[in-house]
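Take a look at the structure set out below.
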Amino acid sequence: MELNRDVVADVRKRLRRAQGQVGGVIQMMEDGRDCRDVIIQLAAVSRALDRAGFRLIASGLEQCLSDDSEQGAADREQLEKLFLTLA
């Protein structure tokens with residue numbers, strides 16, 4: 001399955017943002033920031049990563065639903081497994 005270039009660009013942007021957030025969390029820990037603040041930022045990173053994954057899966061589902069071949073059924077099974085991995 002090939003992903004739409006716009007989707008890939010969007011996911012890449014989301015992942016770079018999450019990468020920056022992780023760096024911020026590390027810095028917070030090194031600075032001795034309050035654990036509640038660190039946990040809140042970790043939760044934000046987790047949500048950002050989840051959204052990137054869901055964006056990829058949503059794009060794959062869109063392609064699979066437009067494909068009625070046997071390969072489309074196999075792709076749907078794979079996407080279901082991937083979706084459950086993120087859930």
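What you see is a predicted model; the values in this text were computed from it and never measured. Atom set for the values below is all heavy atoms of this structure, side chains included, hydrogens, waters and symmetry mates excluded.
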Test item: Asp31 side-chain N/O and Arg33 main-chain N/O as donor-acceptor pair under 3.5 Å: no

The test is side-chain hydrogen bond (donor to acceptor under 3.5 Å, both in side chains); show your working for Asp37 and Gln41 and say whether it passes. CA-CA 6 Å; Asp37 294 337; Gln41 288 306 309; over 6 Å; no

Joint hydrophobic cluster, [X] plus [Y], side-chain heavy atoms closer than 4.5 Å:
{"X": "Leu56", "Y": "Val8", "value": "yes"}
{"X": "Ile39", "Y": "Val45", "value": "no"}
{"X": "Met28", "Y": "Ile40", "value": "no"}

Basic-acidic side-chain contact under 4.0 Å: Arg36, Asp34: yes

Kindly give the heavy-atom pair with the smallest separation between Asn4 and Asp6, and that separation in Å. OD1-N, 2.6 Å

Are the side chains of Leu49 and Leu15 in touch, meaning some heavy atoms are under 4.5 Å apart? yes

Tell me every residue that passes side chain to side chain donor-acceptor pair (under 3.5 Å) with Asp10, counting only those two or more places apart in sequence or in another chain. Arg14, Arg55

CZ on Arg51 to CZ on Arg17, rounded to 0.5 Å: 10.0 Å

